[in-house]
Amino acid sequence: MTMDKREAKALYKEYKQSDNIPFFDMYFDDEKKRLFIKESPIADSQLISYSEIMDHMWSKDENTINKGHPIWGAIIGNMIGGFGTGFLGALAGQKAQGKEVTYTFNSHLTLFVDRGNTVDLIEHYLYPGSIKQGGLLDKSYQKMIDSIDERLYHLEGRKTPAEELEGDA
């Protein structure tokens, strides 16, 4: 349920000042059994009762970039024939196969929320930019996602996939 701007600001201020640790502008209130999700613009923020959360799903887009070798191409081109050849060498080096780096972007969480006679899909984008996979930021980012994921599974009354595996063993 969306709210008016004034109400959303008041809730955000309340949650921001609490002992809550926000993950991706998501504030869990175990005392009141509700989740506040801050959006931009703030009037699009969501206040969800724990009992309304039915399911969740994570989504992300990935892009792999070939870094190529433009610097080495330019150096070799300059050594062979000067500036003009260096420029052509840089272009050729860019086309040469180099290290492939994968980036994650458009990461978002979709919550399936029971609103009585309807089920709302609430999409919350987690990070506005792209993140290099395997990097330090990616590891920290994944820890936060794992923490939220575990929390949501328990709010939905389900075991996490890891807990399911432990139960089978």
Side-chain angles (χ1 to χ4, degrees), residues 1-68 94 98-168:
M1 112 185 171
T2 56
M3 54 192 78
D4 67 52
K5 188 176 181 179
R6 212 170 302 158
E7 180 185 11
K9 280 186 175 182
L11 281 169
Y12 177 57
K13 187 176 180 181
E14 173 189 331
Y15 280 98
K16 194 174 177 182
Q17 291 176 347
S18 72
D19 291 335
N20 233 324
I21 299 171
F23 292 111
F24 306 115
D25 282 332
M26 298 174 65
Y27 299 85
F28 291 88
D29 184 347
D30 292 334
E31 198 173 292
K32 295 179 182 176
K33 306 248 185 268
R34 59 187 190 178
L35 169 64
F36 177 74
I37 301 174
K38 181 185 173 282
E39 295 290 356
S40 183
I42 197 157
D44 290 343
S45 297
Q46 299 283 332
L47 184 62
I48 305 164
S49 174
Y50 284 0
S51 62
E52 295 176 323
I53 300 172
M54 298 170 48
D55 201 356
H56 68 284
M57 178 177 66
W58 299 95
S59 301
K60 64 183 176 183
D61 294 327
E62 293 180 354
N63 187 22
T64 302
I65 297 172
N66 178 5
K67 289 294 186 172
Q94 186 65 37
K99 181 179 179 183
E100 290 194 348
V101 179
T102 303
Y103 291 90
T104 301
F105 61 99
N106 284 340
S107 297
H108 63 280
L109 169 66
T110 303
L111 291 172
F112 298 85
V113 179
D114 181 4
R115 300 289 190 181
N117 55 356
T118 63
V119 174
D120 288 346
L121 299 179
I122 298 172
E123 286 192 328
H124 178 62
Y125 284 83
L126 306 178
Y127 186 76
S130 61
I131 297 174
K132 179 180 171 183
Q133 286 188 357
L136 187 60
L137 181 59
D138 182 49
K139 290 175 184 168
S140 164
Y141 179 80
Q142 195 56 50
K143 280 184 184 178
M144 289 189 277
I145 286 176
D146 291 345
S147 176
I148 293 171
D149 197 40
E150 182 178 337
R151 190 123 193 221
L152 288 171
Y153 270 109
H154 292 158
L155 291 177
E156 295 160 5
R158 300 186 299 152
K159 292 180 180 180
T160 67
E163 293 168 338
E164 289 283 340
L165 289 174
E166 288 174 8
D168 292 340

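Heavy-atom basis, side chains included; hydrogens, waters and symmetry copies ignored. When a residue number appears, it is its place in the shown sequence, counting from 1.
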**Q.** Stepwise side chain to side chain donor-acceptor pair (under 3.5 Å) test for Q142 and D146
**A.** CA-CA 6 Å; Q142 195 56 50; D146 291 345; 3.1 Å; yes

Q: Mind running side chain to side chain contact (heavy atoms under 4.5 Å, CB included) on V119 and E52 for me, showing each step along the way?
A: CA-CA 9 Å; V119 174; E52 295 176 323; over 6 Å; no

Q | Test log, rule side chain to side chain contact (heavy atoms under 4.5 Å, CB included), inputs D29 and Y15 | A | CA-CA 8 Å; D29 184 347; Y15 280 98; 3.4 Å; yes

**Q.** Derivation of the side chain to side chain contact (heavy atoms under 4.5 Å, CB included) call for Y27 and L11
**A.** CA-CA 10 Å; Y27 299 85; L11 281 169; over 6 Å; no

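Between Q133 and the options T102, T64, T104, D138, a side-chain hydrogen bond (donor to acceptor under 3.5 Å, both in side chains) holds for only T104.
With sequence neighbours excluded, the residues forming a side-chain contact (heavy atoms from CB on, under 4.5 Å) with L137 are Y127, I131, listed by chain and number. Residues that satisfy the side-chain contact (heavy atoms from CB on, under 4.5 Å) test with E150, not counting sequence neighbours, are H154, T160. Residues passing the side-chain contact (heavy atoms from CB on, under 4.5 Å) test with S130 are Y103, F105, sequence neighbours excluded. Among residues two or more places apart in sequence or in another chain, the salt bridge (charged side-chain N to carboxylate O under 4.0 Å, His left out) test is passed with E156 by R158. Considering only residues two or more places apart in sequence or on other chains, Y50 meets the ring-ring contact (aromatic ring centres under 6.0 Å, His included) condition with none of them.
With a 4.5 Å cut-off on side-chain heavy atoms, K9 and D4 do not count as touching.
Every pair tested for salt bridge (Lys or Arg N to Asp or Glu O under 4.0 Å) that includes a residue from residues 102-113 fails, sequence neighbours excluded, so the list is empty.
Under a cut-off of 6.0 angstrom, the local environment of CG in L121 is crowded, with over 12 non-hydrogen atoms contributed by other residues, nucleotides or ligands.
In this structure, CD in Q46 is found 7.5 Å from CG in D120, a value given to the nearest 0.5 Å. Separation of atoms CG (L109) and CZ (F23) is listed at 13.5 Å; rounding is to 0.5 Å. Here the CD-OH distance, from E163 to Y153, works out to 10.0 Å after rounding to the nearest 0.5 Å. Interatomic distance, R6 CZ to I42 CD1, rounded to the nearest 0.5 Å: 13.0 Å. Note that the CG atom of L35 and the CG atom of D30 stand 10.5 Å from one another [nearest 0.5 Å]. In this structure, NE2 on H56 lies 8.0 Å from CG on L111, to the nearest 0.5 angstrom.
Formation of a donor-acceptor pair under 3.5 Å by the D149 side chain with backbone atoms of I145 is not found in this model. Side-chain atoms of S45 come within 3.5 Å of backbone N or O of E39 as a donor-acceptor pair. Checked by atom type and distance alone, the side chain of H124 pairs as donor or acceptor with a backbone atom of F24 at under 3.5 Å.
Side-chain contact, Y141 with S107: a donor N or O sits under 3.5 Å from an acceptor N or O.
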